[in-house]
There are 2 protein chains.
Amino acid sequence: MAGELKSVELCLEKHIPPQDLAEVKRILYGGETRKLSLPAAALSSALERDFELQGYGFDAAPEQLRRPRIVRVGLVQNKIPLPTDTAVAVQVAALHRRIEEIVEVAAMCGVNIICFQEAWTMPFAFCTREKLPWTEFAESAEDGLTTKFCQELAKKYNMVVVSPILERDEVHGGTLWNTAVVISNSGAILGKSRKNHIPRVGDFNESTYYMEGNTGHPVFQTQFGTIAVNICYGRHHPLNWLMYSLNGAEIIFNPSATIGTLSESLWPIEARNAAIANHCFTCPINRVGTEYYKNAFTSGDGGKAHHDLGHFYGSSYVAAPDGSRTPGLSRTQDGLLVVEMDLNLCRQVSDKWNFKMTGRYEMYADELTEAVQPCFTPNIIRE
Amino acid sequence: MAGELKSVELCLEKHIPPQDLAEVKRILYGGETRKLSLPAAALSSALERDFELQGYGFDAAPEQLRRPRIVRVGLVQNKIPLPTDTAVAVQVAALHRRIEEIVEVAAMCGVNIICFQEAWTMPFAFCTREKLPWTEFAESAEDGLTTKFCQELAKKYNMVVVSPILERDEVHGGTLWNTAVVISNSGAILGKSRKNHIPRVGDFNESTYYMEGNTGHPVFQTQFGTIAVNICYGRHHPLNWLMYSLNGAEIIFNPSATIGTLSESLWPIEARNAAIANHCFTCPINRVGTEYYKNAFTSGDGGKAHHDLGHFYGSSYVAAPDGSRTPGLSRTQDGLLVVEMDLNLCRQVSDKWNFKMTGRYEMYADELTEAVQPCFTPNIIRE
């Protein structure tokens, strides 16, 4: 998108003098993240296929009884390759092809677990409030074309695949859900995790299409680490992150679709806060670009009818339990972020800061139980 | 402190070219905060008394049925004025004098509610693990010298005063607590709020001195707005902020004492995340400077015994419910931050984003209640 800043981090690199830059990075980002050296073939493939490829690493201290648990995670952000009025099946096929060529590069980079953006097989069309053709993008989590496609990728590359789709649940009256399907590196479907919190903000009219998830806070024990998926708007709810963490998640993915005018100043804060508060890695992913629709729609803000939701600003990043983070991917371009992490860091930071031990969850369980009663009286002290 | 960066925000202002600066500020800070015009007499008094004085304002949209609810809040950060081996009573008196001259300037700026830093009447001596003379700084919350001093200030300036002290609770066996005393602008003691979460990290040996608070999450309905106090390490616990908010807090103060090497990259994240997640204003305050002790102590990190806890980096700021924030006060100098806010913004942002409505607190009350059981089985899915 012309005129869009590529990324804040690149802008700081360019303009802050070296004597201050390290200190600014320490305060803003927790320091300089180690750069990964990625294979030349991967870098040239990414260039050829027109997506950004970045790699960073987080280290942990050596321990006596546990070996390092090094895992490489891949975050994919992408534009939709075809106009939104192209035939549904053609759009899906094009997205499959695009993801396939990015995953191939991820495999060259040794990625063990990969996660795509929210509702990755479709344009983010919920702004339109039209049902057809958008609900036709919904698929079965168990035997839809996209799940089969991801199972092939998982087997081929020995990679855990997190595939967030619009789910059609035929077993329950054809209900729609916003669901991440988690596929083991063996190719087996490990399970699914549904979006727990649905936005009612701006043109994010998703509550028109699907309901709050009923899968709770499952975590998936994979060969490479224990992972969970907090989809999009769940990012704003600290309790959502907490429950995944209490169930044992070491890496929490946050596949999202969000736009600049609404949330961009919240983006660097929320997932990073969750990594800090829960002693885990968090991986927020956002789509890129602007998607246009044939029929104009208004936004409940007195403005004119228009054809797009706004600019999806990418900026996918990984936050570590020690409060540091990687730079974000571009605000304007497709990208793959490869992040190596030693999962031992989670427990090391937990033992240092002790938030789980000092969390007083019994007190909060009681207070929350009271707070949700219709007859709840807030604890207000008056003169 | 020589060599310390004064503030990241000033550094960005100085080096980022104008065509990028607005965009960088929008993404990093939610935009440019309106500067308050403060009285010349206040500015010259601050200069004379050697502290920084900054003023910012947050606005809300006009409503039909509610008038704007404009309040001015003051955040005070300061060094200890005397060496830590000065007689206790002399140190306390010097701190009273220092605060008095800052509060006088706050009054000139029309401040309605003022909050001091954590344990403001003493050096932050818990790093030493010595009991005497430090426990002698503890005072009764109800009739200690410091509370009386604050009551006088409150009456004189028609100002709500939040006074975080080390509390000696004679009624309960002489227990020590880390307590914020909240004094109405009438001069009456409204009540107190005790620190709910106690650190066990680095040299923050506070669990050696006092216990987790037993006052829950009270909020104080003052003439100028409903406020709460989340003391220091409670900042790391999202549930602590949430419960103050569920009880109705519109402004949550976070009087703190924390050092650069430990927490500085967390500082811009946590309180700001709480403002976003809870649709309220948050006001983190940190002390400034380095405090030296006569007896050297070690830090459990293999390093040599030393005489200080580290550099308290100030950087007090206010975060708004819309995700924006003020620049921080200096990292190195005493300061008063005056922030005008229209409290109507809280409900306006809440109605826009709806985190309370979409929070699904019933589900979390149930899940937390389960999670704290000794026999809890995490929700782990395996292949």
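The sequence lines fix the lettering, A, B, ..., with proteins before strands; numbering per chain opens at 1.
Both the backbone and the side chain of N196(B) come within less than 4.5 Å of a heavy atom of chain A. For a residue to count as touching a neighbouring chain, one of its non-hydrogen atoms must lie under 4.5 Å from one of that chain's; by this rule I276(B) touches chain A with the side chain only. If you measure heavy-atom distances from Y233(B) to chain A, the contacts under 4.5 Å come from the side chain alone. Using a 4.5 Å cut-off between heavy atoms, Y244(B) does not touch chain A at all. Heavy atoms of E370(A) lying under 4.5 Å from chain B are absent altogether. Contact of S193(B) with chain A is not made at all, since no heavy-atom distance falls under 4.5 Å.
The residues R26(B) and E264(A) are annotated as salt-bridged, a charged nitrogen and a carboxylate oxygen being separated by less than 4.0 angstrom.
For chain A, the option among I189(B), L266(B), V24(B) with the highest count of heavy-atom pairs below 4.5 Å is L266(B). Listed options M357(B), Q373(B), R331(B) were ranked by heavy-atom pairs under 4.5 angstrom with chain A; first place goes to R331(B).
At least one donor-acceptor pair closer than 3.5 Å links the side chain of N247(B) to the backbone N or O of N379(A).
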Derivation of the ring pair (Phe, Tyr, Trp, His ring centres under 6.0 Å) call for H217(A) and Y364(B): CA-CA 10 Å; H217(A) 296 88; Y364(B) 292 106; 5.2 Å; yes
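Expressed to the nearest 0.5 Å, how far CZ of R382(B) lies from CD of Q223(A) amounts to 15.0 Å.
Closest non-hydrogen pair, S265(A) versus G323(B), comes out as OG-O, 4.1 Å.
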